[in-house]
Every structure is written in C-alpha cells, then in structure tokens.
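Everything below concerns the one structure shown next.
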2 protein chains.
Amino acid sequence: MKDILEKLKSNGYKLTQPREKVLELLSHNHKALSAQDIHSFIKDVDKASVYRTLNLLEELGIVNIENFNNEKLYCLSADPHHHIICKKCGFSEEVPCTYEHYNFSNFSNVQHQMTLTGVCNKCNK
Amino acid sequence: MKDILEKLKSNGYKLTQPREKVLELLSHNHKALSAQDIHSFIKDVDKASVYRTLNLLEELGIVNIENFNNEKLYCLSADPHHHIICKKCGFSEEVPCTYEHYNFSNFSNVQHQMTLTGVCNKCNK
DNA sequence: ACACAATTGCGAATGGTTTGCAATAGCAAA
DNA sequence: TTTGCTATTGCAAACCATTCGCAATTGTGT
C-alpha cells in the first residue's frame, strides 16, 4: 500500500483522496471489481474520477484488468493470478496463473489476460 | 458450414439470410471480428441483426468470443485457439490453445477465454 | 501561507449494444 | 404451390458504460 503511494509520487502524480480511496478499496477486496462496483462503494468520488484513476493505475501497472462479459474488472496486481467467476451467482475465486510461455516468434512484449467462468458447486445443486 | 446450418435448424432456428451472411463471412475470415467489423462488411444486414445473430451463435457454441480492449471479437469455434494481436497495427495471428486444466474443485463447466497482445516484429523496428 | 499545475466534479457527449414494434421472410402443413 | 403461423428482421429510439470539456478545487514544493 505505502509502496503503491510511493510509486504514484515518484511518477509525478499527486496523492489525492479519490486515488487513495480507490486503492484502499481494492486492497481490502479480494475479488476483481468493475469501475461501477467501485463507484458504488465510494459514492463520494465521482465516477469520472474513478475511471480516470483506474486508467492511470493500469498504465502504471498497479492494477490488472480482467474481462468478464465485456466488463472490465480491476484488481491490484500482486502475484499473477486470474479469477474464476460463477456464471449464476457471481461468486469468484482466485486461480494461480498457470500460463506457459509459447514461442511467439513474431511478437514481443506479449501480455495475456484470461477470463474463466464456470458454475460453482453451490449453484450446481 | 453445412453442419453449422444443420445445427441451427435442429435447434429450431430458421436459416435466414442475415445468419447465413454472418456465418459466410466468419468462415472466410481468419481473424476474429467485432460485431461492427462484421456489420461494415455486410452493410445490407442491420446491425441489430448482426448483434442478435452473434449472440445466438454464441449460445449455440458456434462462435467463440475473445476480448480485446474490452471489445468482443467473434470467430468460428473450430480447433481451440487464441489470437495474439499487435497493439500497434492490429495484425493478428492464431496461437494454439495451450491451456492446461487446473483442478477447479469448487467449479464445474469451466470455460476460459484469453486475450493475448504484443508488438509484432514489423512494428518493433 | 502562497502560487501554480494537476486533479476533481459536474454535466453533457459519445459510442457500442439492446429493445420495441410493425413489416417481412422462412417453414410446415394442406 | 399456396396458405397461414411464428420467428426474425429493419428501423429508430432507448440504454448504459465510459469519456470529455471546463470551471472550481486540491496537493505540493517553495
């Protein structure tokens, strides 16, 4: 957390309340959240600011994005992992990243992003 | 192609011109296309119909979706594969799916979807 | 405490996707 | 082949997430 704030500062960005609140929320939350989720948790931060903050955090590599149903979900980028989300109830769980590097002869700077969905045991009954 | 049309029919759906045109385009095209790409290729099919068709094809498992920059890209689901897309010029290439099954103890019916991006050699100069 | 630039909040604009509905087209049965 | 029923289409309007422009505010270094 402190190191993240430092990272912002060292890149010339200010430590503002909206940024701290978004980071605070993400660090206390174990599942990936959409911009709207985040805004609904901290309503005193304007949604435009939430979006701007998330875009900035992504550029700096502080958050990772996962796509679920064409919705961007954000989470702090700690250990590389993915989330598996239950299609019925939305329950989610972290899954370690088992991605293995393929030999991308024609590409460099390869980044990947994965969406995993399923039906959780609870919903399966 | 014929088998796809059969699949539509056997599920009680009609073989309409919009559906045939969308399938025709997808089968002649080697990269994943967005709904808008598709509509721009076949302008005589209304965009609402393109979206409806794609949603139906997805439900039936006839097309796969890949997310790129929060844009849904569609391609026929043949051999499982992903696309890697150059962030600078949009060039794309197929990559075989090397996804390995993880033991999802709490989930069933797991599906995955991956987005790969990079910079192609051409753009790297 | 001051001053300047970065950042915010607000509201309006944007752009992709969906929806409601009347007109049309596909399909099965006669 | 013609008829009739229903699914499907095209169109326009609605929706909803995200972005933008700009004046007001906040953070930071001096």
Side-chain angles (χ1 to χ4, degrees), chain A residues 2 4-26 32-60 62-63 65-75 85 90 113 115, chain B residues 2 4-26 32-60 62-74 85 90 113 115:
Chain A
K2 270 279 169 272
I4 294 179
L5 300 180
E6 272 318 303
K7 186 163 189 178
L8 274 176
K9 247 191 149 162
S10 66
N11 279 75
Y13 295 102
K14 295 182 177 173
L15 301 189
T16 65
Q17 293 215 34
R19 287 173 184 160
E20 289 191 46
K21 288 186 179 175
V22 169
L23 283 167
E24 163 91 358
L25 175 59
L26 286 175
L33 298 172
S34 69
Q36 326 225 45
D37 292 337
I38 294 170
H39 178 237
S40 74
F41 280 120
I42 41 182
K43 297 202 197 61
D44 56 329
V45 173
D46 190 79
K47 64 178 147 47
S49 301
V50 170
Y51 283 104
R52 284 185 286 230
T53 297
L54 291 173
N55 288 340
L56 174 64
L57 296 178
E58 190 211 343
E59 271 174 36
L60 294 179
I62 295 171
V63 299
I65 298 183
E66 293 185 47
N67 267 301
F68 175 64
N69 263 356
N70 218 34
E71 203 185 21
K72 284 187 181 177
L73 302 182
Y74 298 83
C75 61
I85 305 180
Q113 174 198 310
T115 301
Chain B
K2 271 279 169 271
I4 294 177
L5 300 180
E6 272 320 303
K7 186 163 190 177
L8 273 177
K9 247 193 146 158
S10 66
N11 279 75
Y13 295 103
K14 296 181 178 176
L15 302 188
T16 66
Q17 294 215 32
R19 286 172 185 163
E20 289 191 45
K21 287 185 180 177
V22 169
L23 283 167
E24 162 91 358
L25 175 60
L26 286 176
L33 299 171
S34 69
Q36 327 226 42
D37 292 336
I38 293 171
H39 178 238
S40 73
F41 279 120
I42 40 182
K43 298 202 197 62
D44 55 329
V45 174
D46 190 79
K47 64 176 149 42
S49 302
V50 170
Y51 282 104
R52 282 185 286 229
T53 297
L54 291 172
N55 287 339
L56 174 63
L57 296 177
E58 191 211 342
E59 270 174 35
L60 295 179
I62 295 172
V63 299
N64 280 337
I65 299 184
E66 294 186 44
N67 267 301
F68 175 63
N69 263 355
N70 217 35
E71 203 186 20
K72 283 187 181 177
L73 302 182
Y74 297 84
I85 305 181
Q113 175 199 310
T115 301

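Numbered from 1 within each chain, the chains take letters A, B, ... in sequence-line order. We use all heavy atoms of the structure for the numbers below, so side chains are in, but hydrogens, waters and symmetry mates are not.
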Is it the case that C/dG26 (base atoms only) and B/Arg19 (side chain only) share a donor and an acceptor within less than 3.5 Å, ignoring hydrogens and angles?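 No, the side chain and the base share no sub-3.5 Å donor-acceptor pair.
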
Quick one: [X] [atom1] to [N] [atom2], roughly how many Å, whole number?
X	N	atom1	atom2	value
A/Tyr51	C/dA13	OH	P	19 Å
B/Tyr13	D/dT6	OH	P	17 Å
B/Lys72	C/dG15	NZ	C1'	16 Å
A/Lys9	D/dT28	NZ	C1'	7 Å
A/Leu15	D/dG29	CG	P	9 Å
A/Asp37	D/dC16	CG	P	16 Å
A/Tyr74	D/dT18	OH	P	7 Å
A/Lys47	C/dT8	NZ	C1'	14 Å

Identify the two heavy atoms, one from A/Leu73 and one from A/Ala32, that lie closest to each other, and give their separation to 0.1 Å.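 Looking at all heavy atoms of both residues, the closest pair is CB-CB, 3.6 Å.
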
Would you indicate what B/Glu71 reaches in the nucleic acid, counting non-hydrogen atoms under 4.0 angstrom: base, sugar-phosphate, or nothing?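 Answer is nothing: B/Glu71 stays at 4.0 Å or more from every strand.
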
At 4.0 Å (heavy atoms only), tell me whether B/Gln17 reaches a base, stays on the sugar-phosphate, or touches nothing.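 It contacts sugar-phosphate atoms only.
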
A/Arg52, nearest nucleotide to its side chain (from D/dG21, C/dA6, D/dA7):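 So the nucleotide nearest the side chain must be D/dG21.
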
Okay, side chain of [X], backbone of [Y]: is any donor-acceptor separation there less than 3.5 Å?
X	Y	answer
A/Lys21	A/Ile42	no
A/Lys7	A/Ile62	no
A/Asp46	A/Ala48	yes

OP1 or OP2 of [N] under 4.0 Å from side-chain N/O of [X]:
X	N	answer
A/Thr16	D/dT26	no
A/Ser49	C/dG9	yes
A/Asn55	D/dT19	yes

Work out how much the helix from C/dA1-D/dT30 to C/dA30-D/dT1 bends between its end axes, five pairs an end, to the nearest 10 degrees.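 For the helix from C/dA1-D/dT30 to C/dA30-D/dT1, the axes at opposite ends meet at about 40°.
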
Mind checking whether [X] and [Y] have side chains closer than 4.5 Å, heavy atoms only?
X	Y	result
B/Leu60	B/Ile4	no
A/Tyr74	A/Val22	no
B/Val45	B/Thr53	no

Which residue, A/Gln36 or A/Asp46, contacts DNA chain D at a nucleotide closer to its 5' end, judged by nearest heavy atom?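 Mapping each residue to its closest nucleotide by heavy atoms, the 5'-most match is A/Gln36.
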
